[in-house]
Amino acid sequence: MSNLALSAVETYPEIETKEGHYKIASTTLVIRTDERVELKSITGEIAAFVGQAHVRDGIVHVSSLHTTAGLMMNEVQGALLSDMANLFEQVIPSAVYYKHNDPLLSDCDRRNADAHLRAVMVGHSVSIPIIDGRLKLGTWQNVLLAEFDGPNNRKIHIQAMGI
């Protein structure tokens, strides 16, 4: 869990159901990225939060609070992560003309149109079932933070809900 800051866990009043007390807990992770394009697993941090949230059965929703960073589910394997980064460059190249990067058309001086478009392609949130207090993931599934405009400090909001 290096390069990670976890804000205090917020909890909300519980609601009684037939199965038990419905709980909601949330927090915001701050994750440091070091590269312009970087894919980083945050599965361990999410699992640790779910353990603190005391939700036995429910769902955890994870959201990027940025327009140039996204979230996705996939395997963490070096060659595959490299292939993904290459795919982003092939599909949405960084070295082409974008109106967002043109000072005559946009007030953005970061020249990061490719980062915005890549984040649109990936998406900004994932939801994962919680079963018996643990994330229900497939064998190779990990939640990946997809950084497209780094290095940066990225805020990721996590909310667990259930009984």
Side-chain angles (χ1 to χ4, degrees), residues 1-7 9 25-53 55 58-131 134-161:
M1 286 196 210
S2 61
N3 299 324
L4 168 74
L6 179 65
S7 67
V9 174
S26 64
T27 194
T28 302
L29 301 175
V30 178
I31 299 175
R32 178 77 189 153
T33 61
D34 301 313
E35 304 293 330
R36 167 110 168 110
V37 176
E38 184 175 346
L39 301 172
K40 180 179 263 191
S41 176
I42 59 171
T43 308
E45 291 84 354
I46 297 165
F49 168 74
V50 167
Q52 295 174 19
V55 172
I59 195 160
V60 62
H61 187 75
V62 186
S63 301
S64 169
L65 300 180
H66 302 277
T67 60
T68 57
L71 295 166
M72 61 185 185
M73 300 281 287
N74 217 303
E75 182 176 351
V76 175
Q77 193 271 342
L80 179 61
L81 296 177
S82 179
D83 289 340
M84 287 182 210
N86 289 335
L87 172 71
F88 294 128
E89 182 60 32
Q90 290 170 6
V91 174
I92 303 172
S94 57
V96 299
Y97 175 82
Y98 294 105
K99 290 179 181 179
H100 180 69
N101 294 344
D102 188 333
L104 298 175
L105 301 173
S106 174
D107 61 355
C108 181
D109 61 354
R110 291 185 55 86
R111 301 187 52 78
N112 63 356
D114 62 310
H116 287 283
L117 296 172
R118 291 170 181 179
V120 167
M121 185 173 74
V122 167
H124 290 91
S125 66
V126 296
S127 295
I128 305 163
I130 301 169
I131 307 294
R134 300 178 61 201
L135 298 176
K136 181 67 176 176
L137 295 170
T139 302
W140 304 111
Q141 285 185 315
N142 276 263
V143 178
L144 299 175
L145 168 63
E147 170 65 79
F148 298 117
D149 194 23
N152 230 315
N153 287 319
R154 295 305 192 167
K155 292 181 182 174
I156 305 298
H157 186 75
I158 307 172
Q159 189 167 54
M161 301 157 274

>> Any non-hydrogen side-chain atom of S64 less than 4.5 Å from a side-chain atom of R154?
In response: no

> Any side-chain heavy atom of F148 within less than 4.5 Å of one from V122?
Replying inline: yes

>> For the backbone of H116 and the side chain of T67, can you confirm whether one donor and one acceptor N or O come within less than 3.5 Å of each other?
In response: no

>> Could you measure the distance from the OG1 atom of T43 to the CE atom of M73? Nearest 0.5 Å is fine.
In response: 7.0 Å

> Quick one: OG1 on T27 to CG on L29, what's the gap to the nearest 0.5 Å?
Replying inline: 6.5 Å

> For E38, does its backbone N or O pair with a side-chain atom of E35 as donor and acceptor, under 3.5 Å?
Replying inline: no

>> If we count only N and O atoms by modelled type, under 3.5 Å, do the side chains of D114 and S94 hold a donor and an acceptor together?
In response: no

> Between CG of L39 and CG of N74, what distance do you get to the nearest 0.5 Å?
Replying inline: 9.0 Å

> Does the K99 side chain pair with the main chain of A113, one donor and one acceptor, at a distance under 3.5 Å?
Replying inline: no

> Taking all atoms of both residues into account, what is the closest heavy-atom pair of I130 and V55, and its distance?
Replying inline: CG2-O, 3.4 Å

> Tell me, do V37 and M84 make a side-chain contact under 4.5 Å, heavy atoms counted?
Replying inline: no

>> Would you compute the distance between atom CG of D34 and atom CD of E147 and round it to the nearest 0.5 angstrom?
In response: 9.5 Å

>> On a heavy-atom basis, which atom in A25 and which in F49 lie closest, and how many Å separate them?
In response: O-CZ, 3.4 Å

> Can you find a pair of side-chain heavy atoms, one from F88 and one from M121, that are under 4.5 Å apart?
Replying inline: yes

> About how many Å separate CD1 of I156 and CG of L65, when rounded to the nearest 0.5 Å?
Replying inline: 6.5 Å

> Has R36 got more than 12 heavy atoms of other residues, nucleotides or ligands less than 6.0 Å from its CZ?
Replying inline: yes

> Side chains of R111 and S106: donor-acceptor distance under 3.5 Å anywhere?
Replying inline: no

>> Restricting to non-hydrogen atoms, name the atom on L81 and the atom on V76 that form the minimum distance, rounded to 0.1 Å.
In response: CD1-CG1, 4.1 Å

> Is it true that R118 and E89 have a side-chain N and a carboxylate O under 4.0 angstrom from each other?
Replying inline: yes

>> Please find the pair of heavy atoms, one from T28 and one from K155, that lie closest to each other, and give the distance.
In response: CG2-CB, 3.9 Å

> If you round to the nearest 0.5 Å, how far is CG of N142 from CE of M72?
Replying inline: 11.0 Å

> Any idea which heavy atoms bring A69 and L145 closest together, and the distance?
Replying inline: CB-CD1, 4.2 Å

> Do N112 and H100 have side-chain N/O donor and acceptor atoms under 3.5 Å apart?
Replying inline: yes

>> Minimum heavy-atom separation for L71 and V62, please, with both atom names.
In response: CD1-O, 3.4 Å

